[in-house]
There are 2 protein chains.
Amino acid sequence: MVSVVAVASHAGVSPATVSRVLAGRVPVAAETRARVLEAIEHLGYRPNEVARSLRAGRGRAVALVTGDIEQGIYASLAKHVQSELEALGLDLLLFNLGHREDRLRHFLERAPSLGLRGIVLSSPHVMDMVELTPVIRAAAESGVEILSVSQDLSAFGITSIVHDDVGGAAAAVAHLMGQGRTPVAFVGRIETSAIGRARFNGYRDALLAHGQPVDPALVWDISEGYRADAGYHAASEALARGLRFRAVLAASDELALGCMAAAADRGLAVPDDIAFVGFGGLGWGVFSRPSMTTVSLDSDAMARAVGDIFRSQEGGPAPANRRVIQAKLVVRQSA
Amino acid sequence: MVSVVAVASHAGVSPATVSRVLAGRVPVAAETRARVLEAIEHLGYRPNEVARSLRAGRGRAVALVTGDIEQGIYASLAKHVQSELEALGLDLLLFNLGHREDRLRHFLERAPSLGLRGIVLSSPHVMDMVELTPVIRAAAESGVEILSVSQDLSAFGITSIVHDDVGGAAAAVAHLMGQGRTPVAFVGRIETSAIGRARFNGYRDALLAHGQPVDPALVWDISEGYRADAGYHAASEALARGLRFRAVLAASDELALGCMAAAADRGLAVPDDIAFVGFGGLGWGVFSRPSMTTVSLDSDAMARAVGDIFRSQEGGPAPANRRVIQAKLVVRQSA
DNA sequence: TGTCTGTATGACAACGATTTCATGGGGAAT
DNA sequence: ATTCCCCATGAAATCGTTGTCATACAGACA
């Protein structure tokens, strides 16, 4: 590998001067600079990032911890975050938990030794903060920027970028109410996910605000997974039991798709017999038939907010400890 | 940060001994080992990965270069590859090209300086090999394992893990033939993607083998993107022009979904009026209605093959230069 | 008892880049 | 002409880890 030493000897200067030319912060004689640049060009020199990271005490990689990269919302987030980071000259390290919480702990233990620039947590788990906080604090003390996307951890001193789950869910319910589609069922993780609970809260509050009761039989708390099969099973079972409902608000587009499939398999028409609203708004929802009405989360905006954090590290203004991205109801065919 | 020096002084030994205890390959007196382990535990020491990487000449990260992480097949691949790597103690660096080829070049320039263990290329672009080969060779010479997933680059000396696109497409066409659904249209990237072209070849060969003509008007070569909107537009236009076809083989599930939406919007029944077969078989296809018949690619098997490469680096048997993963037609409702 | 062998350990160099400290030389000011 | 100052540059230390080389000590055998 061609190193600074090689470049330096080729240009007839010391390694320090080569470094100075690259850094550009210290004055170097124009003639010397030209010689160095020529040598760099000639030898095809590229600074070794690992050595830089060691010397600087931290590298140029940001870890993104996702719940399930196969879900549209996380894939979209990963895409946009990577794009943002790339513009900042940073790399993205992907850790997909796949709904196994032990992996998170394992990662957080290893994290401080990886020389990361930052960690972006975006997992739907209700994390056991009592246990996690010391780990996170240790990481933060070692100069690693930690931030949370989707889940509000600002109370723990962690910069959080969240979407308005309560408002989004309420808007969806209001929309369904406006069409007279009652009763409305809810499906999602409630007990085991802070995000799911927020969406449930929005659903519940909106129902109550419209003078509607919350029927426990129409609240389907799935224990794990936000995937379509969970929605299918929940809706199938409800239909088999003969429960009556005219609409379903799902905590993810995947869940909504599964519910719709269950309805379709029983010969029910969407949205006339039952209407469906999902959460996410990323991916195939535009082209499914019926296309999916959904509470759209702006993953691009979330990614930009993530980018802002790292931009601010380089001298820009420090962003707020908590940033809320609005959720927007996108009305399509399914409701 | 707590370093070997700190551990060494706490245990009353030299840094070298601490390193020896960690490596475990050199004999260390039992009593000394115990003291060192106690010190490690006491101080919460974790070896600095960056320093290790510098010293070793390469790190423990593998880069995955994807075409579009929002597409089911790539997301699934990323998930499984990350899982495999995690089991090997390796980290995944994600580079999403998002169909911008210049990003690939930029990445390959930077790659050698990142201290990567390997690079997994999985982008549908027909890469300009004339230009790329020197870069790839340079990376390979610096000890980085380079391999290609989906695209066969074994002719360029790059270990390739491919799926049987030709066979998969042929099986799909044969299935449609068996149902008497002719003529069959094809949609995908043909000119600008080696993978798309392979699928087209399978389609063409199967048609000819069944004594059917290949109608150029029913071959829709989309210039960019494998996403649903491209399929929607292609199919809409064909239907608007009054072209007659009874089935569509699409080079991705997303394209197929777009085509199906176009058909649905014209009041056509699936599969009775037109049948659809996609490619990929990952994600929502099971729960869309009609559910999607598709040529399923086993991303898990591909990821395991990737894992095998890196396992073989650690002394295992060297795997073949080219490995073919079978594609399997999964028949559901759409065809 | 002396030499030999082998094992356990320490000192030191090296990976590649950056930064601090020191120095030489040229120009300006008196 | 002499002194002063600043600019450009080089030498050397440093980040944390690991491998090489050297050494000290214990046990064995003649």
Side-chain angles (χ1 to χ4, degrees), chain A residues 1-37 39-40 43-61 89 110-117 142-144, chain B residues 1-37 39-40 43-61 89 110-117 142-144:
Chain A
M1 162 155 279
V2 40
S3 72
V4 271
V5 181
V7 174
S9 83
H10 186 277
V13 297
S14 75
T17 299
V18 176
S19 176
R20 279 187 270 256
V21 169
L22 258 55
R25 305 174 62 85
V26 185
V28 176
E31 196 263 345
T32 309
R33 159 175 289 116
R35 266 211 327 280
V36 170
L37 289 176
I40 289 175
L43 299 173
Y45 167 74
R46 292 269 153 190
N48 183 320
E49 273 308 322
V50 179
R52 280 184 160 178
S53 299
L54 175 61
R55 172 66 216 225
R58 64 174 188 177
R60 303 194 62 79
R110 253 160 36 80
S113 65
L114 295 179
L116 295 171
R117 175 67 58 95
S142 69
V144 182
Chain B
M1 163 157 281
V2 40
S3 71
V4 271
V5 180
V7 174
S9 84
H10 186 275
V13 296
S14 76
T17 299
V18 176
S19 176
R20 279 188 271 258
V21 170
L22 258 55
R25 306 175 60 86
V26 185
V28 175
E31 195 262 346
T32 310
R33 159 175 289 115
R35 269 214 322 283
V36 170
L37 290 176
I40 288 175
L43 299 173
Y45 166 75
R46 292 269 155 190
N48 183 320
E49 273 309 322
V50 180
R52 281 186 159 176
S53 301
L54 176 61
R55 172 67 217 224
R58 62 174 190 179
R60 301 195 64 79
R110 252 160 36 81
S113 64
L114 294 178
L116 295 172
R117 174 68 57 96
S142 70
V144 182

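Below, chains carry the letters A, B, ... as their sequence lines are ordered, and counting in each starts from 1.
With sequence neighbours left out, A/Arg58 forms a side chain to side chain contact (heavy atoms under 4.5 Å, CB included) with A/Arg117, A/Gln313. Under the side chain to side chain contact (heavy atoms under 4.5 Å, CB included) criterion, B/Val26 pairs with B/Arg20, not counting sequence neighbours. Under the side chain to side chain donor-acceptor pair (under 3.5 Å) criterion, B/Arg55 pairs with no residue at all, not counting sequence neighbours. A/Arg110 is linked by a side chain to side chain contact (heavy atoms under 4.5 Å, CB included) to A/Phe95, A/His106, A/Leu114, B/Asp91, counting only residues two or more places apart in sequence or in another chain. Legend: residues meeting side chain to side chain donor-acceptor pair (under 3.5 Å) with A/Arg33, ordered by chain and number and at least two apart, are absent. Legend: residues meeting side chain to side chain contact (heavy atoms under 4.5 Å, CB included) with A/Ser19, ordered by chain and number and at least two apart, are absent. Not counting sequence neighbours, the partners of A/Arg52 by the salt bridge (Lys or Arg N to Asp or Glu O under 4.0 Å) test are A/Glu49.
Comparing B/Leu54 and A/Thr17 by the nucleotide of DNA chain C that holds the closest heavy atom to each, the one mapping nearer the 5' end is B/Leu54.
Counting non-hydrogen atoms under 4.0 angstrom, B/Val50 reaches nothing in the nucleic acid. Counting non-hydrogen atoms under 4.0 angstrom, B/Gly115 reaches nothing in the nucleic acid.
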Problem set entry | Contact letters for nucleotides 17-25 of chain D, in which S counts primed atoms plus P, OP1 and OP2 and B counts the base, heavy atoms under 4.0 Å | BBBB-----
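Nucleotides of DNA chain C that come within less than 4.0 Å of any heavy atom of chain B span, from the 5' end to the 3' end, C/dA8 to C/dG16.
Five base pairs at each end of the helix from C/dT1-D/dA30 to C/dT30-D/dA1 define two local axes, and these are offset by 60° (rounded to 10°).
Listed by first and then second residue, the ring pair (Phe, Tyr, Trp, His ring centres under 6.0 Å) pairs that reach into residues 15-35 of chain A come to none, sequence neighbours excluded.
Taking the side chain as every heavy atom from C-beta outward, A/Thr17 and A/Ser14 approach each other to under 4.5 Å.
Put simply, CZ on A/Arg33 is 9 Å from P on D/dA8, counting in whole angstrom units.
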Listing, residues 3-13 of chain A side-chain donor-acceptor contacts under 3.5 Å, not counting sequence neighbours, or none:
from	atom 1	to	atom 2	distance (Å)
A/Ser3	OG	A/Val5	N	3.3
A/Ser9	OG	A/Ala6	O	3.2

